[in-house]
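Every chain is numbered from 1, with letters handed out A, B, ... down the list of sequences. Note that the structure is a prediction, hence the values are computed from the model and not measured.
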Amino acid sequence: MPLKVYNTLTRRKEKFIPLDKNCVKIYVCGVTLYDHMHLGHARAVIIFDVINRYLEYKGYKVKYVTNFTDVDDKMINRAKVLGTSIFDLAKKFTKEYFQQIELLGVKKANYYPRATEHIKEIIKLIKQLENNGFAYDKDGDVFFKVRKFSSYGKLSHQNIKDLSVAVRVEENKKKEDPLDFALWKKKKKEEPSWDSPWGEGRPGWHIECSAMAMKYLGESIDIHGGGNDLIFPHHENEIAQSEGATHKEFAKYWLHNGLLIMGKQKMSKSIGNVFTLSNALKKYNGETIRYFLLSAHYRSPLSYEETSLKKAASSLKRVYNTLQKIERIEKKDKKSSPNKTKIEKEVSELSLYLKEVEEKFTLAMDDDFDTPVVLSIIFEGIKRANLLLNKTDYLDNLSYELLLKTKEKIKKMGKILGLFQEEKRENLQGKEEDLIKILLNIRNELRKEKNWALADKIREKLDNLGIELEDEETETIWKVKK
RNA sequence: GGCGGCAUAGCCAAGCGGUAAGGCAGAGGACUGCAAAUCCUUUAUUCCUCGGUUCGAAUCCGGGUGCCGCCUCCA
């Protein structure tokens, strides 16, 4: 089965055929380094992380680039407000970005270029556009001549006529046409600026992505991604600039993720309905956040509710409970099977599941990265495993093997999603573990003596510390609450 | 006004022509000293609404209604 991806350009799912079959080139628009990230940003990061991982799973070598915008109006204004420079601002939020995506288990991109470090490339690209007649200099500002680019609007599927009617921003008088957009902005007092053939100034918003994508990936790339709020004007303009300069198709597949919804509207700084990543990470671990963000298809809007992360944590726990149960059981080895018929049904169903999982997984992911379906496949395995696991007295070597294999399969699928990889969820110091064990031993002696009151007291006190106990038939399991 | 998307149980959310995945929450039961975990049963005869196409539609077409996104910075 070939991978199919939904391409905004054509508005349909298409077979994914990379330009170079040995190497897939992806460019994803990243964040502007002017403020904390929120869950919506995290969604985009995680979605493209999964796409990246899946392409590698499919055997492609992937070159993955995602940028930082470190100079624009927001950066400048924010720096002014905070009494700092855009460079210090960028430094601060870059650091936070990397700390947070590490907690989210994001696999690093190959390059993280930023606009201010690519002024040379940007200037070169603008010059190229000038030579091709797509750009004009108006007293130090350089604009892109939108009407000159005949296929303008092909990504957002708008025609120039409708767009020109819709223009309602206070127009820059220097523009020849209200639709034109800035490639280079002339310096205003006290703004950070760079030398250029048109005088001191700074790059416009869109040009950095074209310049950097081309520098690291070449003039034509396979996948260009970002949130669907970037389709217009940002990506539309990127196409115009890039193709105006090179006369080659800039990106073959345009992938756009749906936005995170909070209280009916998209989560957005300007609306003010944000839940920052750092706040989320205070209460939940990165994996929980990741699970939540992958629980809907990447193109759909995803609603964030107060309970969303709590739900995700519960779901995650269900998977780990079973995985851990399998880990515990695999250590004991039992050759004899007291009564095979007792587990016949469970064994055959698990076997069937194992036979089919990988194909089901691939089918789901090949269908435009359908992560919710993958999760349902994983839970199916969890259920089947639990069913067999319940028959502890009848388990034999064959069932152990099946369970082990189930665990491996789930982890393998989980790896693509960046989930379920924790081997040991309880990260305590050695001494702490020993102390818990001592307490558990004492408690079990109390239980033998039917001193329930004291035994329960120990359980309760430990629970208050965040350590949960589960009395199983032969032993007591403890877990650190997440 | 233009372009696009969405409406599926209490909540989140798949499915996109063959008779409603999965998770969370709730209820009942089994197991347990009690819990926890797990399992079983249960919660949508029906997928916003009205028509149409079809042997057959949540899925396709047309009309409503409601919501959302983009057209301005935005993942």
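Nearest-nucleotide assignment on RNA chain B puts the 5′-proximal partner with K264(A), out of H41(A) and K264(A).
Both thresholds, 5.5 Å between centres and 30° between ring planes, are not jointly met by F379(A) relative to the base of G23(B), so the two rings are not stacked.
For D456(A), the listed nucleotide lying nearest its side chain is G33(B); candidates were G33(B), C67(B), A13(B). When the nucleotides G23(B), G69(B), A14(B) are ranked by their closest atom to the side chain of P372(A), A14(B) comes out on top.
Nucleotide G62(B) forms a Watson-Crick or G-U wobble pair with C50(B), both donor-acceptor distances falling under 3.5 Å. Summarising the base pairing, C39(B) is matched to G29(B) through a Watson-Crick or G-U wobble pair whose two defining distances lie under 3.5 Å. Under the Watson-Crick and G-U wobble criteria, each requiring two contacts below 3.5 Å, nucleotide C24(B) is paired to G10(B). Base pairing of C73(B) is not made with any nucleotide, judged by Watson-Crick or G-U wobble geometry with both donor-acceptor distances under 3.5 Å.
Residue-to-nucleotide contacts include a donor-acceptor pair under 3.5 Å from the side chain of R459(A) to the base of A35(B).
Screening R43(A), R290(A), K415(A) against D49(A) for a salt bridge (charged side-chain N to carboxylate O under 4.0 Å, His left out) leaves a single residue, R290(A).
If you measure from atom CG of D367(A) to atom P of C16(B), you get 7 Å, rounded to the nearest angstrom.
Every residue meeting the side chain to side chain contact (heavy atoms under 4.5 Å, CB included) condition with T371(A), not counting sequence neighbours, appears here in chain and number order: V50(A), L294(A), M365(A), L417(A).
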